[in-house]
Student: 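Please find one structure pasted underneath; my questions will follow.
Proteins get letters first, then strands, A, B, ... in listed order; numbering begins at 1 in each. This structure is a prediction, so every number in the text was calculated from the model and none was measured. The figures here come from the full heavy-atom set of this structure, side chains too, leaving out hydrogens, waters and symmetry mates.
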Amino acid sequence: MCGICGCGQTEQQHDHNHSHEHGSDTHEHNHQPVDLGAERLVQVEQALLSKNNSYAEQNRSYFQAHDIFALNLVSSPGAGKTSLLVETIKQLKEQFPIAVIEGDQQTEHDAERIRASGAPALQINTGRACHLDAHAIGHAVMDLKVADNSFLAIENVGNLVCPASFDLGEAHKVVVLSVTEGDDKPLKYPDMFHAADLMLINKIDLLPYVDFDVDRCIQYAKQVNPDIQIMQLSTTKGTNFSDWATWLSDRVIS
Amino acid sequence: MHEISLLENVREILQEHAQKQNFKRVKKITLAIGKLSCIEPDALRFGFDAVMQGSLAEGAELILSEVAGKGICKACSKECIMETLYAPCQYCEHPFVDVTAGNDMQIKDLIVI
């Protein structure tokens, strides 16, 4: 039995096409006579999206109980989430345990890169779906056997739209925006930048080659989220990487 | 996109209810769509007939009703109407409002045979 959500699916491949029921009734035989000619009204009142929120809250309680600091990393494809995590693992894995849940439509490429850098990783292939959901994360946490007092990175599917609406139970959403993407992204994707607590402006080593106005980008981000924290860094060159590493360590080791 | 997988979810729920409530066909279905739910009503209409094809709701009439976005301001605690997920409080302009309604999609009711 799954330790978080209580369903029977454990230690299986996480395939989003494999549906299973939570506590739904088995087939019942109703022997009441039915007038097949008469139309009648049936009240259903069943919400569809709130299921994700309840799984997310279960995850959140689990993380709190086990002192797991969980971050939901979001961005467009190619902003640098995986590279950021690879470098983070290399620099911090001696300080605390790190585990990663990777989300992509297809392939194990990202999980393989994470494992090569020295941390356990579980890949969820969402297939047609464009975001990770809380139920899948709950199972992944069990399957990965995430340690107490650790950092859990959830790298979401590259997408600045849908993941904003799907709580996974994380402590914070961290949005990564690279300077090759355009400085007005916070205004164009306001839900995501509003939902994030930290924005990492990445690839700043490329600033001389692109028309990216950092001050304007910061201003736009603060317009949709006045409380958002912002860092500028280059993962590949190491510039300001320690700001991110310190921010993270302070929160894991506390 | 979400609308198709949501409709597939709707179809499964209709099948469950058909067994529990003993009906064979759905003639009409009312879906309530939250203003903040990021669900596009046109996309839902577009996908509905295709997804319901061959099911107990094939040919059913689809009624969409909209649910307003509402929230409680984190600063002044007043109930606000929200047009977007990032809308500030309409009273004190505080940028963070906890959503209390309008961010879900609900199957309201069915006319069945």
Side-chain angles (χ1 to χ4, degrees), chain A residues 16-17 19-21 24-54 126-131 133 159 161-167 186-187 189-197 221-228, chain B residues 1-34 36-40 44 60-61 67 74-75 82 84-88 93-97 99 101-113:
Chain A
H16 275 228
N17 293 323
S19 68
H20 61 281
E21 305 300 323
S24 68
D25 295 339
T26 52
H27 178 71
E28 292 164 4
H29 285 277
N30 185 334
H31 292 285
Q32 293 253 326
V34 172
D35 183 348
L36 288 174
E39 290 186 353
R40 66 183 205 274
L41 176 74
V42 170
Q43 296 279 12
V44 176
E45 311 271 332
Q46 187 158 345
L48 289 158
L49 301 177
S50 52
K51 250 190 183 175
N52 185 76
N53 292 340
S54 60
T126 61
R128 207 174 45 205
C130 48
H131 60 273
D133 66 75
N159 179 350
V161 181
C162 313
S165 315
F166 290 87
D167 185 10
L187 292 187
Y189 299 90
D191 291 347
M192 184 63 88
F193 288 84
H194 183 79
D197 292 322
K222 291 203 168 153
Q223 222 176 291
V224 295
N225 184 349
D227 290 354
I228 195 168
Chain B
M1 288 303 293
H2 296 141
E3 284 76 5
I4 298 296
S5 47
L6 279 169
L7 286 168
E8 285 172 351
N9 203 352
V10 168
R11 195 180 61 208
E12 281 168 18
I13 291 171
L14 293 181
Q15 274 153 5
E16 283 168 23
H17 278 268
Q19 287 187 331
K20 279 190 245 179
Q21 309 253 23
N22 209 17
F23 55 83
K24 292 250 186 320
R25 299 200 54 78
V26 177
K27 306 290 285 184
K28 192 194 245 186
I29 171 170
T30 305
L31 296 177
I33 313 232
L36 309 173
S37 66
C38 309
I39 293 165
E40 187 48 56
L44 215 52
E61 186 187 349
V67 176
K74 285 180 104 120
M82 295 173 76
T84 61
L85 281 171
Y86 53 91
E93 304 267 309
H94 187 73
F96 296 102
V97 180
V99 177
N103 63 345
D104 208 327
M105 174 171 125
Q106 198 190 59
I107 305 173
K108 293 287 293 176
D109 53 53
L110 315 169
I111 301 287
V112 304
I113 264 184

Student: To check you understand the geometry: which heavy-atom pair defines the closest contact between Val10(B) and Leu48(A), and what is its length?
Tutor: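 Minimum heavy-atom separation between Val10(B) and Leu48(A): CG2-CD1, 3.8 Å.
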Student: Would you please name every residue forming a ring-ring contact (aromatic ring centres under 6.0 Å, His included) with Tyr189(A), sequence neighbours left out?
Tutor: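 ring-ring contact (aromatic ring centres under 6.0 Å, His included) check on Tyr189(A) returns nothing, list empty.
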Student: Just wondering, do Ile111(B) and Leu41(A) contact through their side chains at under 4.5 Å, heavy atoms?
Tutor: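 Yes, close enough: below the 4.5 Å cut-off.
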Student: Which atoms form the tightest heavy-atom contact between Asp191(A) and Cys38(B), and what is the distance?
Tutor: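 Shortest heavy-atom contact: OD2-SG, 4.2 Å.
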Student: Counting heavy-atom pairs under 4.5 Å to chain A, which of Leu36(B), Val26(B), Asn9(B), Ile13(B) comes out on top?
Tutor: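 Sorted descending by pairs with chain A, the first entry is Ile13(B).
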Student: How about Gln46(A) and Lys108(B): do any of their side-chain heavy atoms sit closer than 4.5 Å?
Tutor: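 A side-chain contact under 4.5 Å is absent here.
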Student: Give the intermediate values and the outcome of side chain to side chain contact (heavy atoms under 4.5 Å, CB included) for residues Arg40(A) and Val112(B).
Tutor: CA-CA 5 Å; Arg40(A) 66 183 205 274; Val112(B) 304; 3.8 Å; yes
Student: On a heavy-atom basis, which atom in Glu39(A) and which in Lys27(B) lie closest, and how many Å separate them?
Tutor: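 Minimum heavy-atom separation between Glu39(A) and Lys27(B): OE2-CE, 3.6 Å.
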Student: Can you tell me how far CG of Leu110(B) sits from CD of Gln43(A), rounded to the nearest 0.5 angstrom?
Tutor: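 Taking CD in Gln43(A) and CG in Leu110(B), the distance rounds to 9.0 Å.
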Student: For Ser37(B), enumerate each residue passing the side-chain contact (heavy atoms from CB on, under 4.5 Å) test, keeping only those at least two apart in sequence or located in another chain.
Tutor: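 Leu49(A), Ile33(B), Ile39(B).
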Student: At a heavy-atom separation under 4.5 Å, does Glu8(B) approach chain A through its side chain, its backbone, both, or neither?
Tutor: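 Just the side chain, heavy atoms under 4.5 Å.
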Student: Measuring only between side-chain heavy atoms, which start at C-beta, is Val42(A) closer than 4.5 Å to Phe23(B)?
Tutor: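 Contact flag for Val42(A)/Phe23(B) side chains = yes.
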